[in-house]
Amino acid sequence: QVQLVEVGGGLVQAGGSLRLSCASGRAALSNYAMGWFRQAPGKERQFVAAVNWSGSSTFYVESVKGRFTISRDNAKNTVYLQMDSLKPEDTAVYYCAAEGPNYSDYAVPKNHYEYDYWGQGTQVTVSP
């Protein structure tokens, strides 16, 4: 069982930055492809970014390209989402998710149904 915990959410003004972290206490996240999703009130859960097990491959939804960066530190068993130039439309609950075990260099899952484990989410609010 993989238990994921996200931290780092909060309230920030438009143009500001936040860094989200996702960690697992026991499971080795290096065995998994990892993703970030978000869900705004009244909207469906949306894919944001994904990274393969080693960090060599990443993929982003178009709306965050150039502003968000997904990365991982397998030695620290942690995945990050650096969010810069935040906009009010980025306001949502952000979830990290794990898929696998998966050791493919090309595994950057983009659909929520591909993921096996989910965190509880962390709120990100961007004020105008």
Side-chain angles (χ1 to χ4, degrees):
Q1 187 72 12
V2 178
Q3 294 182 322
L4 303 173
V5 178
E6 304 99 332
V7 297
L11 173 64
V12 64
Q13 288 188 328
S17 298
L18 284 173
R19 187 175 80 157
L20 306 183
S21 300
C22 173
S24 174
R26 293 187 178 182
L29 292 186
S30 58
N31 296 332
Y32 299 85
M34 300 294 296
W36 286 96
F37 289 74
R38 64 187 181 187
Q39 188 166 19
K43 294 188 177 181
E44 293 186 352
R45 192 166 296 191
Q46 177 192 32
F47 169 81
V48 176
V51 61
N52 73 327
W53 72 276
S54 67
S56 62
S57 296
T58 59
F59 189 84
Y60 299 89
V61 69
E62 191 65 31
S63 59
V64 308
K65 282 182 180 179
R67 299 189 299 122
F68 291 11
T69 303
I70 188 171
S71 62
R72 64 190 305 158
D73 185 339
N74 286 339
K76 295 183 178 180
N77 217 26
T78 302
V79 178
Y80 305 98
L81 185 68
Q82 177 67 42
M83 304 185 296
D84 299 319
S85 302
L86 281 161
K87 304 176 180 180
E89 51 263 44
D90 295 318
T91 295
V93 177
Y94 283 70
Y95 301 88
C96 73
E99 186 271 335
N102 192 332
Y103 304 107
S104 168
D105 287 340
Y106 306 102
V108 283
K110 308 169 188 63
N111 301 295
H112 66 88
Y113 53 78
E114 297 181 82
Y115 287 85
D116 303 296
Y117 305 99
W118 293 84
Q120 82 290 347
T122 185
Q123 177 71 46
V124 171
T125 303
V126 184
S127 62

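If you read the sequence from its start, that first residue is 1, and numbering goes on from there.
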- Query: Ignoring hydrogens and geometry, is there a side-chain-to-backbone donor-acceptor pair from N52 to S57 under 3.5 Å?
  - Reply: yes
- Locate the shortest heavy-atom distance separating C22 from L29; write the atom from each residue and the value. O-CD1, 4.0 Å
- Quick one: CG on D116 to CD on Q1, what's the gap to the nearest 0.5 Å? 10.0 Å
- Note on the structure: side chain to side chain donor-acceptor pair (under 3.5 Å) filter on N102, not counting sequence neighbours, yields E99
- side chain to side chain donor-acceptor pair (under 3.5 Å) partners of N74, counting only residues at least two apart: R72
- So E89 and S63, side-chain contact (heavy atoms from CB on, under 4.5 Å) or not? Walk me through it. CA-CA 10 Å; E89 51 263 44; S63 59; over 6 Å; no
- To the nearest 0.5 Å, tell me how far S127 OG sits from L86 CG. 10.0 Å
- Q123 atom CD, over 12 foreign heavy atoms within 6.0 Å: yes
- Qualifying residues under ring pair (Phe, Tyr, Trp, His ring centres under 6.0 Å), relative to Y94, sequence neighbours excluded: none
- Item | Heavy-atom donor-acceptor pair, Y60 side chain to I70 backbone, under 3.5 Å | yes
- Do you know which two heavy atoms are closest between A92 and A40, and how far apart they sit? CB-N, 3.8 Å
- Rounded to the nearest 0.5 Å, what's the gap from CZ on R67 to CE on M83? Could you check? 9.5 Å
- Query: Is there a donor-acceptor pair under 3.5 Å between the side chain of S56 and the backbone N or O of S54?
  - Reply: no
- Query: Is the number of heavy atoms from other residues, nucleotides or ligands under 6.0 Å of E44 CD greater than 12?
  - Reply: no
- Task: Begin with the C-alpha distance, continue with both residues' side-chain angles, and end with the deciding distance and a verdict on side-chain contact (heavy atoms from CB on, under 4.5 Å) for R38 and V64.
- Result: CA-CA 12 Å; R38 64 187 181 187; V64 308; 4.1 Å; yes
- Task: Please round to the nearest 0.5 Å and tell me the distance separating atom CH2 of W118 and atom CD of E6.
- Result: 9.5 Å
- Message: Looking at every non-hydrogen atom in both residues, tell me the closest pair between P88 and P128 and how far apart they are.
- Response: CG-CA, 4.0 Å
- Query: Do you know the tightest heavy-atom contact between V2 and A27?
  - Reply: CG2-CB, 3.7 Å
- For residues 9-19, the side chain to side chain donor-acceptor pair (under 3.5 Å) pairs (sequence neighbours left out) are S17-D84
- Between atom CG of D90 and atom OG1 of T125, what is the distance when rounded to the nearest 0.5 Å? 11.0 Å
- Message: If hydrophobic clusters are built from ILVMFWY residues whose side chains come within less than 4.5 Å, do Y80 and F59 share one?
- Response: no
- Item | CZ on F68 to OG1 on T58, rounded to 0.5 Å | 14.0 Å
- pair M34-L4: side-chain heavy atoms closer than 4.5 Å: yes
- Message: Running the 4.5 Å side-chain criterion over Ile, Leu, Val, Met, Phe, Trp and Tyr, what cluster does L11 land in, apart from itself?
- Response: none
- Under 4.5 Å between side-chain heavy atoms, chaining through other members, with only Ile, Leu, Val, Met, Phe, Trp and Tyr counted: pull out the rest of the cluster around Y103, sorted by chain and number. W53
- Item | Distance-minimising heavy-atom pair for N111 and Y115 | O-CD1, 3.3 Å
- Any chance NZ of K110 has more than 12 other-residue heavy atoms, nucleotides or ligands included, within less than 6.0 Å? yes
- Which atoms form the tightest heavy-atom contact between G8 and L18, and what is the distance? O-CD2, 3.8 Å
- Item | Close side-chain approach of V79 to W36, heavy-atom, < 4.5 Å | yes
